[in-house]
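Each chain gets a letter, A, B and so on, in the order its sequence line appears, and its residues count up from 1. Keep in mind that the numbers below use all heavy atoms, side chains included, and drop hydrogens, waters and symmetry copies.
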Amino acid sequence: MPELPEVETTARLIRPHVTGRTIERVHVSWTRTLGGQSAAEFRRRIVGTRIASVGRRAKFVVFELRRGRVDAGVLLCHLRMTGRLVVDRPTLEPSPWERVRLELDRGVLRFLDVRKFGRFTHLHDPAPVFDALGPEPLGEQFTAAWLRRGLRTRRRALKPLLLDQTFLAGLGNIYVDEALFRAGLHPLRRSDRVPPAAATRLHAAIREILAAAIEREGSSFDSFYRTPEGQPGSYQHLFQVYGRDGQPCRVCGRTLKRIVVSQRGTHFCTRCQPAPRPLSSPRS
DNA sequence: CTATGGCCCTGGTTGC
DNA sequence: TGCAACCAGGGCCATA
């Protein structure tokens with residue numbers, strides 16, 4: 001599923017094709033993709049605007065729009081599970097999964113989404129959305145000290161906490177599992193019981209894994225995520241735990257386990273990531 | 001503050 | 001072989 005590295009890759013690869021382009025026509029074939037707005041209103045807001053920049057915040061691809069010199073708000077695209085942004089390729093046959101199509105003064109930007117969970121919305125001002133998100137894991141605000149304090153001042157299991165976009169923005173199921181493995185921390189470990197040294201390891205693990213995944217243009221292990229160029233990423237070859245349950249740990253050899261945490265498949269090594277002592281444990 | 005569970009969706013997998 | 005049931009999962013919302 002697209003997480004920070006996949007979204008970053010998407011933004012980088014479409015940027016040169018759409019920056020500076022003007023939106024001339026808009027086709028919407030699945031209205032709910034617009035997140036509650038009508039196609040007519042969506043069209044009214046963005047037709048005639050120019051795409052001034054393409055960036056990323058958390059798992060959003062962010063298009064800044066201008067009408068002439070005047071700020072015209074932003075388009076926010078969230079890929080969720082199966083969304084893809086694709087720039088025009090002459091060979092690209094019309095996809096049955098196209099939900100929104102922006103026809104530009106040169107080229108076409110398509111939003112494809114098999115499962116229809118993705119969103120492509122226009123906001124006059126994204127500040128309320130962005131302000132509700134935690135810091136960027138690759139940004140300056142995300143320091144080891146910040147994470148140590150963040151863990152200490154909350155009492156949640158590590159995995160759901162790291163998945164919480166209001167705590168830290170951009171991680172998803174895959175990279176959380178990989179980061180916890182690298183840091184040697186069990187996904188159910190309570191955040192306020194993580195020793196400072198381990199929190200520091202987790203901070204490094206998160207940044208290293210995300211940076212490495214961006215270098216490889218993300219992960220593609222099923223038929224869903226592809227770069228806008230149609231190519232798969234390659235970080236899946238470096239997975240240590242995600243999807244490897246039943247196979248041996250690459251570090252210690254023990255068979256990797258899969259459990260469900262917060263309704264999500266969770267992969268870890270019982271030796272490298274020792275279980276926390278549950279409070280309810282009858283004896284200890 | 002934290003946890004749980006339903007909901008949205010559809011293609012692929014599983015079970016009989 | 002055929003078909004129905006089941007599953008995955010990010011974010012959001014209601015409930016406890």
Residues forming a side chain to side chain donor-acceptor pair (under 3.5 Å) with A/Arg106, sequence neighbours excluded: none
Between C1' of B/dA3 and NZ of A/Lys159, the distance in whole Å: 16 Å
Sorted by chain and residue number, the side chain to side chain contact (heavy atoms under 4.5 Å, CB included) partners of A/Ala39 (sequence neighbours excluded) come out as A/Val28, A/Leu34, A/Arg43
Qualifying side-chain hydrogen bond (donor to acceptor under 3.5 Å, both in side chains) pairs, either residue in residues 116-130 of chain A, two or more places apart: A/Arg45-A/His122
Within a strict 4.5 Å, meaning less than it, do heavy atoms of the A/Leu13 and A/Val87 side chains meet? no
Only pairs at least two apart or in different chains count here, so list each side-chain hydrogen bond (donor to acceptor under 3.5 Å, both in side chains) that has a residue in residues 136-149 of chain A. A/Arg56-A/Glu136, A/Arg57-A/Glu136, A/Arg148-A/Thr200
Once you build an axis from the first five pairs and another from the last five of the helix from B/dT2-C/dA16 to B/dC16-C/dG2, how far apart in angle are they, to 10 degrees? 60°
What residues join A/Leu133 in its hydrophobic cluster, counting side-chain heavy atom gaps under 4.5 Å, either direct or through other members? A/Phe60, A/Val62, A/Val74, A/Leu76, A/Leu123, A/Val129, A/Phe130
Between atom CZ in A/Arg84 and atom C1' in B/dG11, what is the gap in whole Å? 15 Å
Please enumerate all residues that pass side chain to side chain contact (heavy atoms under 4.5 Å, CB included) together with A/Thr270, with sequence neighbours excluded. A/Arg254, A/Lys257, A/Phe268
With 3.5 Å as the limit, what N/O pairs link the protein to nucleotides 9-16 of chain C?
residue	atom	partner	partner atom	Å
C/dG9	OP1	A/Tyr242	OH	3.0
C/dG9	OP2	A/Gly265	N	3.1
C/dG9	N2	A/Arg115	NH1	3.1
C/dG10	OP2	A/Arg264	NE	2.3
C/dG10	O3'	A/Lys59	NZ	3.4
C/dG10	N7	A/Arg264	NH2	3.1
C/dG10	N2	A/Arg80	NH1	3.2
C/dG11	OP1	A/His78	NE2	2.9
C/dG11	OP2	A/Lys59	NZ	3.1
C/dG11	O4'	A/Arg80	NE	3.4

Quick one: which residue pairs count as a salt bridge (charged side-chain N to carboxylate O under 4.0 Å, His left out) with a foot in residues 167-179 of chain A, not counting sequence neighbours? A/Lys159-A/Asp177
What is the distance, to the nearest angstrom, from the CG atom on A/Asp245 to the P atom on C/dA8? 11 Å
With respect to the phosphate group of B/dG11, does any side-chain polar atom (N or O) of A/Trp97 fall under 4.0 Å of OP1 or OP2? yes
Select base, sugar-phosphate, or nothing to describe what A/Arg154 touches, counting heavy atoms under 4.0 Å on all strands. sugar-phosphate
A/Arg119 CZ to B/dC7 P, in whole Å, measures 16 Å
